[in-house]
Number of protein chains: 2
Amino acid sequence: MYNIENSIGFLLSKAYQRAWAIMREEIEPYDLTPPQFALLSFLWQQDGMTQVELSEKGQIDRSTIGGLIDRLERNGLLERRQHPQDRRAHKIYLTEHGKEMEETLTACAGRSLQRITAGLSENELKELRRMLEILRGERRVYEIPSC
Amino acid sequence: MYNIENSIGFLLSKAYQRAWAIMREEIEPYDLTPPQFALLSFLWQQDGMTQVELSEKGQIDRSTIGGLIDRLERNGLLERRQHPQDRRAHKIYLTEHGKEMEETLTACAGRSLQRITAGLSENELKELRRMLEILRGERRVYEIPSC
DNA sequence: TTGACATTGACAGCACACTGACTATCTGTA
DNA sequence: TACAGATAGTCAGTGTGCTGTCAATGTCAA
């Protein structure tokens, strides 16, 4: 008989939901959600990407990115600027406030990780990362554009 | 520097998205989504639960269950019946069609599992299940009601 | 130069997950 | 018995993620 409780998809969804909820608790005071945090963290690594570039780097759908940017822009963490060469595109830049939040939010992420993975050893965590990377599958590699 | 790519939450979300998409592909011909399949599979195990019982068994929010049941009812896979003792509650029953689909959909789930975990050995898969159970955290155990 | 095709971002529509509020009903206790 | 508090289910609102469509713009070959 089929047992959904053993299904990898089911377990992934429950583990993901718990991770999401814990992260959400940690960053709630700053009015952010986990996907918003993830988008910010890509910008801390490299500022000024277009929406399509962010979409590829973060493996997030183009239309989802649009909404995330809307909300982060409304909260004053980033801004859309016209692309100097391509009038179709926007470049997304952190505001001063967005840059300042890096340290605080990174600390929140650290606490979340601690709480989520409290039941796993350092080695198990490494193993888990490796296996999740495999499940994640091949992904497009983002190249920093030359322009 | 903080690297989101190593974050367990981020990896979980991407692995989950891929698993969801693959499962979705397999069951698309039957007009179902992965959460709908999960709900059905709980009913194959035990028919006639209330929405709250399904919610606890599946770790799905009460209000989310409502929508899932709406859609499955609309597609003729299950039906709400009045609870004989409790006029607030509904008991959820599979229709004949819902029962008939078990074999077909279980086969889809098998193919999905194959595709999702193609890069992992049997042992790794076991290890992954164990670790995801730990991440999932404590969960309320569902007791079959005596009534 | 023009016309075909691709790309970017906006938008609408759907599923789903959560919160919090609400109604109807049940239950335990005074 | 009456009432306070608990419980079942719904609804509205928000956020996320997908598909599909559209207008504006860019690119390239004829």
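All of these numbers come straight from a predicted model, not from anything done at the bench. A, B, ... follow the sequence lines: proteins, then strands. Residue 1 opens every chain.
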Protein proximity profile, nucleotides 9-15 of chain C - base contact B, sugar-phosphate-only contact S, no contact -, cut-off 4.0 Å on heavy atoms: BSB---S
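Two different hydrophobic clusters hold B/Phe37 and B/Tyr93 under the rule that ILVMFWY side chains link at heavy-atom gaps under 4.5 Å. Connection of A/Val52 to A/Leu78 is not established within any shared hydrophobic cluster, with ILVMFWY side chains joined at heavy-atom distances below 4.5 Å, either directly or through further cluster members.
A straight line from CD1 of A/Ile60 to P of D/dC18 spans 9 Å, rounded to a whole angstrom. When the C1' atom of C/dT8 is taken as reference, atom CG of A/Leu54 falls 13 Å away, rounded to whole Å. To the nearest angstrom, C1' of C/dT25 lies 13 Å from NE2 of B/His83. A/Glu25 places its CD atom 17 Å from the C1' atom of D/dG15, with the value rounded to the nearest Å. Distance CD (B/Gln82) to P (C/dC26): 10 Å, rounded to an integer number of Å. Residue A/Glu56 contributes atom CD, which lies 11 Å from atom C1' of C/dT7 at whole-angstrom precision. The distance between atom CG of A/Leu32 and atom P of D/dT14, rounded to the nearest whole Å, is 17 Å. The distance from atom CD1 of A/Ile69 to atom P of D/dG15 is 15 Å, rounded to the nearest whole Å.
If you check every strand for non-hydrogen atoms under 4.0 Å, A/Asp61 touches a base.
Residues A/Arg80 and A/Glu73 form a side-chain contact, since some pair of their non-hydrogen atoms from C-beta on lies under 4.5 Å apart. Side chains of B/His90 and B/His83 form no contact here, defined as non-hydrogen atoms less than 4.5 Å apart. Counting heavy atoms from C-beta outward, A/Leu32 and A/Leu77 have side chains that approach closer than 4.5 Å.
For B/Gln85, no side-chain nitrogen or oxygen approaches OP1 or OP2 of C/dT25 to under 4.0 Å. Taking 4.0 angstrom as the limit, B/Arg87 places a side-chain polar atom (N or O) nearer than this to OP1 or OP2 of C/dC26.
For the residue pair A/Gln59/A/Arg136, the side-chain donor-acceptor check at 3.5 Å is satisfied. With hydrogens and angles left out, the side-chain atoms of B/Asp61 and B/Ser63 include a donor and acceptor closer than 3.5 Å. With 3.5 Å as the limit, one finds a donor-acceptor pair spanning the side chains of A/Asn3 and B/Gln45.
Within residues 104-119 of chain B, no residue approaches DNA chain C, by heavy-atom distance under 4.0 Å.
B/Glu124 has a carboxylate O that lies under 4.0 Å from a charged side-chain N of A/Arg130, or vice versa, which qualifies the two as a salt bridge.
Each of A/Asp86 and A/Ser13 has a nearest nucleotide on DNA chain C; the 5'-most of these lies closest to A/Asp86.
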